Protein chains: 2
Amino acid sequence: MSDVTAITASPSAKKASRRSRRAQSERREETSNLILDAAEHLFAHHGRDGVTLRAIAAAAGFDTALVHYYFTDKEGVFRAVWNRRASVLNAIRNATMDSYEAEAGEALTIEGVLDVFLRPIFETMVNLGDGWIDFAAIAGATNASRYGGAQIMDEYFDPIVERFVGLLRRLSPDTPDRELYWYMHLLSGALTQSLAQTGRIDTLSGGLCRSSDLMTILDRMIATFSAGFSAVRSPI
Amino acid sequence: MSDVTAITASPSAKKASRRSRRAQSERREETSNLILDAAEHLFAHHGRDGVTLRAIAAAAGFDTALVHYYFTDKEGVFRAVWNRRASVLNAIRNATMDSYEAEAGEALTIEGVLDVFLRPIFETMVNLGDGWIDFAAIAGATNASRYGGAQIMDEYFDPIVERFVGLLRRLSPDTPDRELYWYMHLLSGALTQSLAQTGRIDTLSGGLCRSSDLMTILDRMIATFSAGFSAVRSPI
DNA sequence: GTCTATAACTGGATAGAC
DNA sequence: GTCTATCCAGTTATAGAC
């Protein structure tokens, strides 16, 4: 198609076309993001199967046909929601991990390792705002679901988890991998329950704790799982 | 209606009617259970909103109309699935808790308290078989969901959780309640992730761990969270 | 790019026969 | 109690106009 343009268009038309194409591409991006914002919000509050394309389109202020135009089908929208956030989050987490590994050398601590693994998640959610909170809820629900949940989590988060387990291994070389993975399993459960922000602990604690209080949860996770690691760690 | 029967029916007809009524009631119970079995299995594998009444009816070998006859609507089926298991499970857990409280006296340990809280769940799932495993998956997904999840969990499990927190309080009287509830929050996350049996840890660990290996998970939960409690506990 | 219109289908629910 | 038949609302998806 670009060949055709090159042949038929005059230089000035070409320039105009290029400018309009840029504007179009920005517009495209904006529309796409509006749809994903709406979808993300709805998925977070009603679950993957509790949301219709109509509802997404209506919430975004467009027609269903447009959603099909951009994302083909509902599965496509769901994947796009994941892609948009996960690519950003993974970049942040990997960068944090890189600098920690570079600086920490052999002086690893369990607190430090948990911190480098967990803090970027919580800080991203809290600092970057609304949409991220919704995404966190989606990730939490996805991780606890049997229907495709594990597959999506694997796809997006396997590498960073492997790096984390690698650090645990360096921290406690005599602990069998199997035990490290069980520890990881428990940690991952506590993490996703926290990200899901279901409000259950709010009721249960009579208001003493709020599941929206993510930075406090981060703090308690590091404290409890640091202490918990002593059950896993090989004797020094 | 029983008045009418009493007036119009002869004694022998009355007796036959009573026998047939018993048979009917058993049949009723059986049909109802077949429907719930099918529903439970489907809910566990596709989620609450991923299942249609048609699919439930078909899997149970009946027509949709019959499902409506027994449970009114889909919500009714879902609630019935919960009721059937939760009533049994709560009875078991409370009984275990009763005898522990009676016997342990003041000699509480964190291992003991975690054991009494967790073991009945895992043993029930493992010993009582198939349907219970499906129910566990449903409970796991429900606990991590924002849409009505917290409410259902509260409704069924609040009392037993309160008893558990009460034991933690006796174990560590100077720890602020707020901290005990945060500990509970993390524990609950690890628990429901385990019950959900998503298979993620299987892939992640390259087969070293299996999420179906519930008794091993129980063991690791007690070990890790016992050690973890030292971060929460008031100094002795 | 975005919308209108519509086709084709799915799912929930009920009336009524047996 | 259980099924047949059917209705109706809601949903996905696409063709085609602008």
Side-chain angles (χ1 to χ4, degrees), chain A residues 1-2 4-5 16-39 41-43 45-81 147-148, chain B residues 1-2 4-5 16-39 41-43 45-81 147-148:
Chain A
M1 198 189 113
S2 65
V4 177
T5 326
S17 144
R18 206 180 290 147
R19 200 171 28 240
S20 95
R21 233 182 260 147
R22 168 125 30 111
Q24 271 178 16
S25 138
E26 276 164 21
R27 184 171 183 66
R28 220 186 133 82
E29 180 84 10
E30 194 189 323
T31 303
S32 162
N33 270 324
L34 284 173
I35 295 172
L36 291 184
D37 289 344
H41 189 70
L42 289 167
F43 282 138
H45 289 274
H46 306 284
R48 185 176 182 161
D49 293 320
V51 175
T52 65
L53 268 186
R54 276 176 135 75
I56 294 172
F62 298 102
D63 187 88
T64 48
L66 200 66
V67 180
H68 281 108
Y69 172 75
Y70 276 98
F71 303 106
T72 311
D73 57 15
K74 203 164 91 176
E75 173 73 10
V77 178
F78 192 74
R79 304 298 297 209
V81 165
Y147 24 106
Chain B
M1 195 192 113
S2 64
V4 176
T5 326
S17 145
R18 206 179 292 149
R19 200 172 27 242
S20 95
R21 233 182 260 148
R22 169 125 29 116
Q24 271 179 13
S25 138
E26 274 165 22
R27 184 173 183 65
R28 219 186 136 81
E29 180 84 9
E30 195 189 324
T31 303
S32 161
N33 270 324
L34 284 173
I35 295 173
L36 291 185
D37 288 345
H41 189 70
L42 288 168
F43 282 138
H45 288 276
H46 306 285
R48 185 177 182 163
D49 293 321
V51 175
T52 65
L53 270 184
R54 283 177 134 81
I56 295 172
F62 298 102
D63 187 87
T64 49
L66 200 66
V67 180
H68 281 109
Y69 172 76
Y70 276 98
F71 303 105
T72 311
D73 56 15
K74 203 164 93 173
E75 173 72 10
V77 178
F78 192 75
R79 303 297 298 209
V81 165
Y147 22 106

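In what follows, chains are A, B, ... by sequence order, proteins preceding strands, each numbered from 1. None of these values were measured; they are calculated from a predicted model.
- Taking the side chain of B:Ala65 as heavy atoms from C-beta on, and the options D:dG1, D:dT4, C:dG1, the nearest nucleotide is D:dT4.
- One interatomic measurement links the two molecules: OH of B:Tyr70 to C1' of D:dC3, which rounds to 13 Å at whole-angstrom precision.
- A:Thr52 has its side chain out of reach of A:Thr64: every pair of non-hydrogen atoms, C-beta onward, lies at least 4.5 Å apart.
- Put simply, A:Thr64 has no side-chain N or O that comes within less than 4.0 Å of OP1 or OP2 on D:dA13.
- For B:Arg28 against D:dG1, no side-chain N or O and base N or O form a donor-acceptor pair under 3.5 Å.
- As rounded to whole Å, 13 Å separates atom C1' of D:dG1 from atom CD of B:Glu30.
- Straight-line distance from the OH atom of B:Tyr69 to the C1' atom of C:dG12: 19 Å, rounded to whole Å.
- Across every non-hydrogen atom of A:His46 and A:Val51, the tightest pair is CB-CG2, 3.9 Å.
- When all heavy atoms of B:Ala80 and B:Leu36 are compared, the closest pair comes out as CB-CD2, 3.7 Å.
- Side-chain proximity of A:Arg54 to the nucleotides D:dG1, C:dG11, D:dT12 is greatest for D:dT12.
- Look at CG on A:Asp63: it is 17 Å from P on D:dG16, rounded to the nearest Å.
- One interatomic measurement links the two molecules: CZ of A:Arg27 to P of C:dG1, which rounds to 9 Å at whole-angstrom precision.
- As a whole-Å value, the separation of A:Leu53 CG from C:dC3 C1' is 16 Å.
- Side-chain atoms of A:Phe62 lie closest to C:dT2 of the nucleotides C:dG1, C:dT2, D:dT2.
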* Passes side chain to side chain contact (heavy atoms under 4.5 Å, CB included), A:Tyr70 versus A:Val77? Steps please. -> CA-CA 8 Å; A:Tyr70 276 98; A:Val77 178; over 6 Å; no
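- Applying the 4.0 Å criterion to OP1 and OP2 of D:dA13, one finds that A:His68 has a side-chain N or O inside that range.
- Considering only side-chain N and O atoms, B:Thr52 lies nowhere under 4.0 angstrom from the phosphate OP1 or OP2 of C:dT10.
- One can place CD1 of A:Ile56 at 12 Å from C1' of D:dT11, the figure rounded to the nearest angstrom.
- The backbone N or O of B:Leu66 lies less than 3.5 Å from no partner atom in the side chain of B:Asp63, so there is not a single donor-acceptor pair.
- One atom, CG of A:Leu66, and another, C1' of D:dA17, lie 15 Å apart when rounded to the nearest Å.
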